[in-house]
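Whatever order the structure lists them in is the order used to number ligands and atoms, beginning at 1. Atom set for the values below is all heavy atoms of this structure, side chains included, hydrogens, waters and symmetry mates excluded.
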Amino acid sequence: MLFGVEMKLLQCELRISYTNFDLFYHYVFLTEPLIGGSVVSMGEAPAFVVDNLNANFPNGLHSKSKGCETAIDIGNKTYVIGASTESACTIGIQIFNKSTSDWVIPVVLGTKPKPSKGHSAIVLDEDRILVIKGNTTSDDSFWFLEVNTAFVREQKMRMATEVVAWSKGVIGEAAKPIVISGPSGVGKGTLISKLMEEFPSMFGFSVSHTTRAPRSNEQNGIHYHFTERSVMEKDIEAGKFLEYAAVHGNLYGTSIEAVDVVADKGKRCILDIDVQGARSVRASSLEAIFIFICPPSFEELEKRLRARGTESEEQIQKRLRNAKAELEQRNSPGLFDHILVNDDLDTCYDKLKKLLGLADGVKSTQESVLEPVQMSLDHMVSKTGHKILINCGVREPEKPAENMFVLDLASMKGGAPGRTRGLRFFTIDPTSNGVDAEVLS
Ligand SMILES: Nc1nc2c(ncn2[C@@H]2O[C@H](COP(=O)(O)OP(=O)(O)O)[C@@H](O)[C@H]2O)c(=O)[nH]1
Ligand SMILES: Nc1ncnc2c1ncn2[C@@H]1O[C@H](COP(=O)(O)OP(=O)(O)O)[C@@H](O)[C@H]1O
């Protein structure tokens, strides 16, 4: 049996936390009895019973609610995750310091998980806790609460207070984003549209912010996020942008979220940005492929720009002036990986596909990307090395593989303030000898 499934279930290290407290009792207490409301020691990852914490530490910081909470012990601290309100369970954090007997509400950084009806939590190491939301699909189930990673330690020093940070777990290894640059009217948008049309499940467009007015055919949130300059400047100041630049008299920028939204869907992100933006991304931590699109001639560029009919004469003149400077920069050392001349559209598109490794036949395999799996509210979690075993519900002998999953963290990378990527997610068949795990995504 893979990981000795039966054994592991009996050694279940922690519980699903939700309104039906009996289930936890059923799954956990049957293996190790609770001793007087203190820590329940279950293998590597001890868990508190939160209701008993209330009795022990009734100084008001901790919610009195019964459900939606897990308590995880790391060193001399207990991290209590979650709280319930009238209508939903939020995922708040409180820390109990066992040395000083104090409760602390930490500064919580990163993208927080949305409230869910319940979650389980398990210690991964002394730096982070894995939180698995129930009743969601697997693309929104896995969250890492970082309590002592390098990023968190740095923030603790900076803020001189207790800090924790969330990082969303993303299944699969997102391929490198693609940055496409080139002068206005060269055909960047046309080539990107063709790629997205032919490979809808493979590519996603990074929707930039801009202060320019929308064209008649452009939709807010699809072509751009059309934004007031003052708002955009404030967001830039707040560190929400991966890069930004003043282009043709307006402000354009790629928000961190614009790239994350695409990668979270397991898609490869395409950025249509100017040469200054490409330079900024090159200097950032985002590893990307940089492609410059060139016109066959300056005259042809002008012809296309005029034929598109979207700009005033003044704007066309400005864009043509800027085109000269942009074309000069295409050979800047170390900036662009590929230069493509967009003369005949189909020929250029074929070359683009080729350099992205999209040979004939790729389409069919990409279209068969498996959909996210539903994670049930009622699940149990245990840990074996870097693998997390998740049992979603009662096993049915006829269909066991649908209920048992493995989250493999061996290749995980990244983390707060961004995403934790590289997770692998399998379904397993407990009746097999473990060699036929099926990769779900
Ligand atoms: N740096 C940067 N440039 C962008 C961004 N979004 C668009 N651009 C560039 O801004 C320039 C003007 O874009 P747009 O107004 O849509 O006009 P078009 O290039 O003629 O279609 C183009 O070179 C785009 O590549 C962004 O987020 N950051
Ligand atoms: N290879 C090509 N040959 C002729 N016209 C083209 C070609 N590629 C794009 N176009 C046209 O040129 C105009 C500008 O293309 P567009 O994709 O909007 O450029 P960009 O996004 O680089 O500003 C559009 O009207 C488009 O249909």
- Message: Checking the N or O distance criterion of under 3.5 Å, is ligand 1 in contact with D272?
- Response: yes
- Are any of the N or O atoms of E218 closer than 3.5 Å to those of ligand 1? no
- side-chain contact (heavy atoms from CB on, under 4.5 Å) test vs I95 passes for just one of I105, V80, I74, V164, namely V164
- Note on the structure: Output for pair (K77 NZ, T100 OG1), nearest 0.5 Å, gives 9.0 Å
- Please state which protein non-hydrogen atom is closest to atom 27 (O) of ligand 1 and give its distance, to 0.1 Å? S208 OG, 2.6 Å
- Query: Any idea which protein heavy atom is nearest atom 5 (N) of ligand 2, and the distance to it?
  - Reply: R304 NE, 3.5 Å
- Give the residue and atom name of whichever protein heavy atom lies nearest to atom 21 (O) of ligand 1, and the separation in Å to one decimal. R308 NH1, 3.3 Å
- Task: Just go through I180, V341, T190, N342 and tell me whose heavy atom is the nearest to atom 27 (O) of ligand 2.
- Result: T190
- Task: Could you tell me if the ring centre of F142 sits under 6.0 Å from that of F425?
- Result: yes
- Item | Protein heavy-atom partner closest to atom 9 (C) of ligand 1 - residue, atom, separation in Å | D274 N, 3.6 Å
- Task: Using only heavy-atom distances, determine whether the side chains of T136 and S141 contain a donor-acceptor pair under 3.5 Å.
- Result: yes
- Task: Say whether S184 and ligand 2 are in contact under the criterion: heavy-atom distance to a ligand atom below 4.0 Å.
- Result: yes
- State the CG-OG distance between L423 and S411, to the nearest 0.5 angstrom. 9.5 Å
- Would you please test S376 and D378 for side chain to side chain donor-acceptor pair (under 3.5 Å) and show each step? CA-CA 5 Å; S376 65; D378 168 12; 5.7 Å; no
- Query: Taking distance alone, with no angle check, do G253 and ligand 1 share an N/O pair under 3.5 Å?
  - Reply: yes
- Message: Heavy-atom pairs closer than 4.0 Å: do any link ligand 2 to the side chain of D343, the backbone, both, or neither?
- Response: backbone
- Message: Counting only nitrogen or oxygen atoms and a 3.5 angstrom limit, does H209 reach ligand 1?
- Response: no
- Task: For atom 18 (O) of ligand 2, state which one of E311, R308, R215, K188 supplies the nearest heavy atom.
- Result: R308
- Message: Does any N or O of ligand 1 fall below 3.5 Å from an N or O anywhere on E326, backbone included?
- Response: no
- What residue and heavy atom of the protein are closest to atom 20 (O) of ligand 1, and at what distance? S184 OG, 2.4 Å
- Begin from the C-alpha positions of K353 and L195 and carry the test side chain to side chain contact (heavy atoms under 4.5 Å, CB included) through to its verdict. CA-CA 8 Å; K353 283 200 293 183; L195 211 49; 4.1 Å; yes
- Query: In the protein, what heavy atom is nearest to atom 19 (O) of ligand 2, and what distance, to one decimal place, separates them?
  - Reply: G187 N, 3.1 Å
- Note on the structure: Under 4.0 Å between heavy atoms, the region of P183 that gets near ligand 2 turns out to be backbone
- Query: In terms of side-chain geometry, is the basic nitrogen of E311 or R306 positioned less than 4.0 Å from the acidic oxygen of its partner?
  - Reply: no
- Using 4.0 Å as the upper bound for N to carboxylate O, is an ion pair formed by K303 and E299? no
- Side-chain donor-acceptor contact under 3.5 Å, H225 with N220: no
- Item | T427 side-chain N/O to M404 backbone N/O, donor-acceptor pair under 3.5 Å | yes
- Query: Taking both backbone and side-chain atoms of E311, is any N or O found less than 3.5 Å from an N or O belonging to ligand 1?
  - Reply: no
- Return a yes/no value for Y244: is any of its N or O atoms, backbone included, closer than 3.5 angstrom to an N or O of ligand 1? no
- Query: Is the closest heavy atom of Q315 to ligand 1 under 4.0 Å?
  - Reply: no
- Return each pair, listed once, that meets side chain to side chain donor-acceptor pair (under 3.5 Å) where at least one residue sits in residues 324-339; pairs must be two or more places apart or across chains. R279-Q329, R279-S332, R282-D337
- Query: Looking at K188, which atoms of ligand 1 are within less than 4.0 Å of one of its heavy atoms?
  - Reply: 19 (O), 25 (O)
- Query: Judged by non-hydrogen atoms, does H223 sit under 4.0 Å from ligand 1?
  - Reply: no
- Query: Quick one: which ligand 2 atoms are inside 4.0 Å of a heavy atom on L345?
  - Reply: 1 (N), 8 (N)
- Note on the structure: of all protein heavy atoms, closest to atom 18 (P) of ligand 1 is R319 NH1, 3.4 Å
- Run the numbers for me: atoms of ligand 1, each under 4.0 Å from some heavy atom of G277, listed by number. 1 (N)
- Got an N/O contact under 3.5 Å between Q276 and ligand 1? no
- Message: Checking a contact table here: which protein heavy atom is nearest atom 11 (C) of ligand 1, and how many Å away?
- Response: V247 CG1, 3.7 Å
- When you measure from atom 28 (N) of ligand 1 to every protein heavy atom, which one gives the shortest distance, and what is it? E243 OE2, 2.7 Å
- Item | Criterion ring pair (Phe, Tyr, Trp, His ring centres under 6.0 Å) against H209, the qualifying member of Y252, F226, F241, Y244 | F241
- Cation-pi, F203 ring and K267 (6.0 angstrom, 45 degrees): no
- Query: To which protein heavy atom is atom 14 (P) of ligand 1 closest, and what is the distance rounded to 0.1 Å?
  - Reply: Y224 OH, 3.4 Å
- Just jot down the ligand 1 atoms closer than 4.0 angstrom to any heavy atom of R212, in number order. 14 (P), 15 (O), 16 (O)
- Message: Within the 4.0 Å heavy-atom shell around A245, which atoms of ligand 1 are there?
- Response: 1 (N)
- Message: Walk me through whether E314 and K318 qualify under salt bridge (charged side-chain N to carboxylate O under 4.0 Å, His left out).
- Response: CA-CA 6 Å; E314 190 193 344; K318 191 179 266 183; 5.3 Å; no
- Item | Option nearest atom 23 (O) of ligand 2 (shortest heavy-atom distance, choices G189, P296, G185) | G185
- Query: How far does CD of Q276 sit from CG of N322, to the nearest 0.5 angstrom?
  - Reply: 8.5 Å
- Query: In terms of side-chain geometry, is the basic nitrogen of E218 or R212 positioned less than 4.0 Å from the acidic oxygen of its partner?
  - Reply: yes
- Item | Electrostatic pair K156-E162, nearest N-O below 4.0 angstrom | yes
